[in-house]
Peer 1: 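Pasting a structure below so you can have a look.
Here is the naming used below: chain letters follow the sequence lines, and residue numbers restart at 1 for every chain. Nothing here was measured: the structure is a model prediction, and the numbers come from that model. Atoms considered below: every heavy atom in the structure, side chains included; atoms not considered: hydrogens, waters and symmetry mates.
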2 protein chains.
Amino acid sequence: MSTDAMRRTQRGAGTAHAVTIEEVAAAAGVSRSTVSRVVNGSTAVSPEALESVTRAINELNYVPNRAARSLASQKTHAIALIVPEDTTRFFGDPFFAAIVSGINSRLSRSDYVLNLFIASDDPGDKTTSYVRSGAVDGAIVVSHHTSDTFIDRIASVVPVVYGGRPVRERERDYYVDVDNVRGAYDATVYLIESGRRRIATITGPRDMPAGVDRLQGYRDALAAWDLDEIAVEDGNFTADGGADAMRRVLATGAQPDAVFVASDLMARGVLTVLTAEGLRVPDDVAIIGFDDSPVATSVTPQLTTMRQPSFAQGERMATVLLDLLAGRHPRHVTILETELVIRESV
Amino acid sequence: MSTDAMRRTQRGAGTAHAVTIEEVAAAAGVSRSTVSRVVNGSTAVSPEALESVTRAINELNYVPNRAARSLASQKTHAIALIVPEDTTRFFGDPFFAAIVSGINSRLSRSDYVLNLFIASDDPGDKTTSYVRSGAVDGAIVVSHHTSDTFIDRIASVVPVVYGGRPVRERERDYYVDVDNVRGAYDATVYLIESGRRRIATITGPRDMPAGVDRLQGYRDALAAWDLDEIAVEDGNFTADGGADAMRRVLATGAQPDAVFVASDLMARGVLTVLTAEGLRVPDDVAIIGFDDSPVATSVTPQLTTMRQPSFAQGERMATVLLDLLAGRHPRHVTILETELVIRESV
DNA sequence: CTGAAAGCGCTAACAT
DNA sequence: ATGTTAGCGCTTTCAG
């Protein structure tokens, strides 16, 4: 280690003067340009230069300044994950955990970093101005509601990839979705084939495509078998909302023998209510969920559910965005398949 | 809206040329400096200038470029939250949700943004170089383990506030902790006063101060009452870990009549095991948890637990860091009190 | 293969 | 109160 580097190391917290490219250049006996080439992996550098620059970088502990770099190059190597929900919702639903893991997994093989915005706790609309200030190269938006108009102002500035069909789908939109209609259809059919005829559903919010599409699948299945809708209630994609919705269903006197619940989290709430009412699952009422998130196996009886590949969806969204940023031309729409997971609740 | 602004609005996604301070200055008929003053809220601007600049900004939809701004000012107005855990752990424990909410709550009243790093899924050590590249003005570190040495390299570059006593505490460290020793002591005493004498404990990881301190409190209480340690097992602060630990306790033949579990999440696992073994809670074995997180009320019986103010801890950490960044001199150490919450498990 | 030079968009003295 | 002037640290032509 050079004396320079040693002196630097000895300084106190937060005081360290950051090493600049200029100092590295001086130490290596080359110009700024050459250092820059090395840092950015250009091939047009002689082995000797590469060697001395690399050594200087290590000795001085050089890390390029991000602000300077993105000002000059007009790229930030950062992408935003925008979740228009509040913190409670975000942390309460394992779906988001899987999405974030998937995105991280893809990003860790790139030189991009992820900036997370839980945007509903955001009074001043910091998220929008952050993105519009050029702080990220692109954005991923999940859990998009009809009312989330700020997304449009983001999409006019950087490329956006949506998780799930956007609320107002346009030709040029990029998104990665699960085949919700099909999944809900199959789930409902499974209930029917198990002999149930009085099938209710607890839906997600109707201002979200996932809520709408899963309801559609349920309806298609009932129609195909010529069955009536016993009850349809919105459970808001939360456990408590699911419980409330189930209470409403019961209050109507509908007496379902099965319920298709559009998320596992809501199904947990449903289960609680049913059990409290003395109804046995699946004997009296069968339940099928949607997600196959960890909650599916954390309840008793364990949930039969329609698995959606959320981790893969996260990975795929990241891949599409990275392709876009690299100037490639990914497909606009990717639809992932769901899969029935049979456990104990049907 | 000016024709300029209209033209801009009509451009396609990701194509929009960003408005610069120069264009705003031209439109407002003033110099860059004046626009900068207005943007930064300087008082030294005439009412007329303020008015015309403000209008120009709105018309052109100007948002200052973050990279340029931080390059010039040497501040980023961003802080990092660094969590040396993996994604599963991060999303699985409601403690983090509360911490993040608290931080966000404080930050939303400032002009800082939060960058979250779930640092254990980070092979290339991007977190460290991100911070060292000058991307943030300061950092908050929670869930610090003995092995997390990369934190030192971060703390040498920006001010750091720790959530919980740092693993190797130094005079100059700033941190916000809960009185874990006291909380654990009181919890254990509550068990003793309820008539239990064979008290086991499920601990957090011993490489984390919270794990160590809560064990200490348990031991202090037993010592004060001259009671023996029936069993001490590490539950790793997870539900599954807690379950495994409880199985180990039972396997020793210890036959506890109570167990102090160092987190609610672990207590859930403990409860599952006890119930599966046909042991009644609290009749056969009493359980007291730690946290008072949402899981405490989501299990049956609901957990008696030692509440720790995690949201407040998050807020406080943010406040301390903001004070530091503003050049103020906050206290180095803040200790928050815990509170016994009596429910059904003791 | 390498260096010189011109910015990227903004802030912050310094003048006026 | 406002404008002028230097940079902030880096990338990127452009020459050579």
Peer 1: Per the side chain to side chain contact (heavy atoms under 4.5 Å, CB included) rule, which among A:L325, A:T319, A:L321, A:V320 passes with A:D323?
Peer 2: A:T319
Peer 1: From CD of A:E22 over to P of D:dT11, roughly how many Å is that when rounded to an integer?
Peer 2: 12 Å
Peer 1: From the list D:dT11, D:dG9, D:dT4, which nucleotide is the closest neighbour of the side chain of A:R69?
Peer 2: D:dT11
Peer 1: Can you tell me the distance, in whole Å, between the NE2 atom of A:H77 and the C1' atom of D:dT11?
Peer 2: 11 Å
Peer 1: With DNA chain D as reference, determine whether A:V35 or B:S73 sits nearer its 5' end, using the nearest nucleotide of each.
Peer 2: B:S73
Peer 1: Do the side chains of B:R170 and B:D173 get close enough for a salt bridge, i.e. N-O under 4.0 angstrom?
Peer 2: yes
Peer 1: Does a donor on one side chain and an acceptor on the other come within less than 3.5 Å for B:S36 and B:N40?
Peer 2: yes
Peer 1: Rounded off to whole Å, could you give me the OH-to-C1' distance for the B:Y62 and C:dT11 pair?
Peer 2: 10 Å
Peer 1: Check for a donor-acceptor pair, side chain of B:Q313 on one end and backbone N or O of B:V176 on the other, with a separation under 3.5 Å.
Peer 2: yes
Peer 1: Does a donor on one side chain sit under 3.5 Å from an acceptor on the other, for A:H332 and A:E171?
Peer 2: no
Peer 1: Would you state whether a donor and an acceptor, one from the side chain of B:R32 and one from the base of C:dT11, lie under 3.5 Å apart?
Peer 2: yes
Peer 1: Kindly point out which of D:dG3, C:dG9, D:dG9 is positioned nearest to the side chain of A:T20?
Peer 2: D:dG9
Peer 1: Rounded to the nearest Å, what distance is computed from the CD1 atom of residue A:I21 to the C1' atom of nucleotide C:dT2?
Peer 2: 14 Å
Peer 1: Can you tell me how far P of C:dG3 sits from CD of A:E48, to the nearest Å?
Peer 2: 12 Å
Peer 1: Could you go over nucleotides 13-16 of chain D and give all protein N or O partners under 3.5 Å, atom names and distances?
Peer 2:
none

Peer 1: Would you call the rings of A:H144 and A:Y162 parallel, tilted or perpendicular if under 30° counts as parallel and over 60° as perpendicular?
Peer 2: parallel
Peer 1: Nearest-Å distance, CG (B:N65) to C1' (C:dT11)?
Peer 2: 13 Å
Peer 1: Name the nucleic acid region contacted by A:A67, choosing base, sugar-phosphate or nothing; use a 4.0 angstrom heavy-atom cut-off, strictly under.
Peer 2: nothing
Peer 1: So if I take every side-chain heavy atom of A:A44 and compare against D:dT2, C:dC10, C:dT2, which nucleotide ends up nearest?
Peer 2: C:dT2
Peer 1: Within the side chain of A:S105, is there an N or O that forms a donor-acceptor pair under 3.5 Å with the backbone of A:S101?
Peer 2: no
Peer 1: Among D:dC10, D:dT2, C:dG9, which nucleotide sits nearest the side chain of B:T34?
Peer 2: D:dT2
Peer 1: Side chain of B:S46 only, please: which of C:dG9, D:dT2, C:dA6 is the nearest?
Peer 2: D:dT2
Peer 1: Mind calculating the distance between NZ (A:K75) and C1' (D:dC10) to the nearest angstrom?
Peer 2: 14 Å
Peer 1: What's A:V39 touching, base or sugar-phosphate or nothing? Going by heavy atoms closer than 4.0 Å.
Peer 2: nothing
Peer 1: Between B:S31 and B:A72, just flag the one whose closest nucleotide in DNA chain D comes earlier from the 5' side.
Peer 2: B:S31
Peer 1: What nucleotide among C:dG9, C:dG3, D:dT11 has an atom nearest to a side-chain atom of A:Q74?
Peer 2: C:dG9
Peer 1: Strictly below 4.0 Å: does A:N40 bring a side-chain N or O up to OP1 or OP2 of D:dT11?
Peer 2: yes
Peer 1: Take atom CG of A:L71 and atom C1' of C:dT11, then tell me their distance rounded to the nearest Å.
Peer 2: 12 Å
Peer 1: State whether a side-chain donor-acceptor pair under 3.5 Å links A:N61 with B:R153.
Peer 2: no
